[in-house]
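Note sheet for the following structure.
Just so it is clear, the values below take in all heavy atoms, side chains as well, and ignore hydrogens, waters and symmetry mates. Atoms within a ligand are numbered from 1 in the order they appear, just like the ligands themselves.
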Amino acid sequence: MSSPLATGLRTHACGLLTAKDEGTSVKLAGWVHSRRDHGGLYFFDLRDRTGLVQVVVSPDDAQTFSAAGSLGAEFVVGVEGTVGRRPKGTENPKLPTGEVEVRAQSIKVLNSSKTLPFELDEHSNVSEETRLKYRFLDLRRARMRDNLIARHKVSQVVRRELDAMGFLEIETPILTKATPEGARDYLVPARLSPGLFYALPQSPQIFKQILMAAGMERYFQLARAFRDEDLRSDRQPEHTQIDLEMSFVEEKDVHAAVERFMKAVFKEVMGVDIPTPFARIEYDECMRRYGSDKPDLRYDLEIIDLTDVFRNTQFKVFGEAVKSGGVIAGLTVNGSGVSRSHIDRLTQLLKDHGAKGLPWIRWRGATEEPESPIAKFFSPDEIKSLKTRVGAKPGEITFFSLGAAYAASAYLGVLRKEAIGNNELAKLVGLTRNKEWSFHWVVHFPLLEWEPEEKRWTFTHNPFTAPLESELPKLDTDPGNIASHQYDLVLNGVELASGSIRNHRGEVQRKILSLMGFSAEEQEAQFGLLLRALEFGAPPHGGAALGLDRLIAILRGEDSIREVIAFPKTAKGTCPLSEAPSPVKEKQLEELHIKLNLPPLKPDSSGRP
Ligand code: ASP
């Protein structure tokens, strides 16, 4: 098939040739993928972005034959020839072009290649540093190419769907002022304003809200966001968000917009129909039932509240927890294969998360006593009602957690995650997955949380989130208990998007900022631009941002977002390809009036401070 990639140097794309092209004269161009000599013929696979096709060179034309003989791996060549069917028995059903071969009439070397630092096949074991240093080679691998193609497709589908819904794609500045998303800013010195700095945006948040004040009504951007966070294995200093904001909306309108493009993405990129609208779970319910604000709901496993079973218990530890207003939560899993040493390991895991311990009870047949280090403290009635409440079957284990409501369930949330994770316990308890893709919105997050170190309230997600209208009086009376219009979109246990309905009235926004400890001057200095916009007739508005890198990684089954970013940074925030970050010339620093004051180099240091 001729290709949209046809140019003066080629008529067809390698990977698209099929038996239908038999007899066609083609001009191809690409990379020598692999070469084999067989019984007086040369064979090589020629590769371009679309895939591979086998080229056969016979000795009939001495010049072409000798050119083929000199080809090395990753040489770039132009091949003219005729498409023919491969002889019977030599077809390769694994290759889309496996029925055909191109019989070369001429071969032109367009460029040679040095010996490769690593094999380009999918399985070769190469360090990340080397892969990133030679990213141009790494990206030639089919998997990486397909990751970038998927990324492109997703972006196109999102753009098309958002356009169809009346969104305008508008760019916001990269050189800007700090926007608080809770991370450290990257700073850029402003040469023309000595001593002053731009910040790279942690998100386009303030500008997108200002665009709503400006009457744009629906904005989106595939926006780069920069967050200078401490090293974590899968963090990137810059990431891409599908960022959107809408005017005159309620929560469900924003959700519907996201659902529409997600549905189209799954259909067109994965061939999967995902049902919409996505389920919505109240934050409170989500924490109680799953012990997490981003539970993986492909599995049913649920935490249950057992407090009332133990309301009058003589067992001191449980009794005291209940009396002090706490809850007793339970999680029941199939425990036939779970040994005491597994339980010890789980106990340690929870202790590492701050739990005091992990009480448990293993159920047996109807007439048998359950096995448990604590069951002796329970009354027969308690055991009976417990058994009924958890619907226990022989061999199942109920694990307990006690404490303040969310804390108790959060420990079991850790256990739940273990039980459905990719680990030994998960294999033992053998839960069945109900579906492949599980989307849900978690809605009505608390507006504020207490920051014990700084002794002030802080935002749980975003300082511009609006409280529910009915919760407004609590700003004065009970700030820690305000339900907000903040929502997250969770896919298979991963927080994929986050957003909210915003404060569109300046006075409410000011009040919340004051609660978070911002003085009037600080509010002006940090948020003045937004506050002013809100005070000149900003419409009600809300939006969301969805992590594009994360989405592509999930779609492509990649563990790390580095696999779906063309030029990612290492976990240390460096780029082995460009060697960024790098020193600058003294003169550049002088122009910026910057003097370095570096800490002394550590003896084992690589030269970087
Ligand atoms: N600005 C938020 C973020 O980047 C998302 C949003 O609320 O729209 O996480």
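The part of Arg227 lying near ligand 1 is the side chain, judged by heavy-atom distances below 4.0 Å.
Nearest-residue assignment for atom 6 (C) of ligand 1 (options Glu245, Arg502, Gln209, Gln241; heavy-atom criterion): Arg502.
Each of the following atoms of ligand 1 lies closer than 4.0 Å to a heavy atom of Gly499: 6 (C), 7 (O). Within ligand 1, the atoms closer than 4.0 Å to a non-hydrogen atom of Gln205 are 1 (N), 2 (C), 6 (C), 7 (O), 8 (O), numbered from 1 in the order shown. Proximity to Ser498 (heavy-atom distance under 4.0 Å) selects the following atoms of ligand 1: 5 (C), 6 (C), 7 (O), 8 (O). Annotation for ligand 1: atoms under 4.0 Å from non-hydrogen atoms of Ala544 are 8 (O).
Close placement of the Phe445 and His461 rings is indicated, their centers lying within 6.0 Å of each other.
Every heavy atom of Glu495 sits 4.0 Å or more from the atoms of ligand 1.
Minimum heavy-atom separation, Ile170 to Tyr219: O-CE1, 3.3 Å.
For Arg145, the CZ atom counts as densely surrounded, since its 6.0 Å shell holds more than 12 non-hydrogen atoms of other residues, nucleotides or ligands. Heavy atoms of other residues, nucleotides or ligands lying less than 6.0 angstrom from NZ of Lys417 number 12 at most.
A cation-pi contact links Arg218 to Phe167, judged by a cut-off of 6.0 Å to the six-membered ring centre and 45° from its axis.
Tyr487 places none of its side-chain heavy atoms less than 4.5 Å from the side chain of Tyr283.
Taking any N or O of Lys208, backbone or side chain, at least one lies under 3.5 Å from an N or O belonging to ligand 1.
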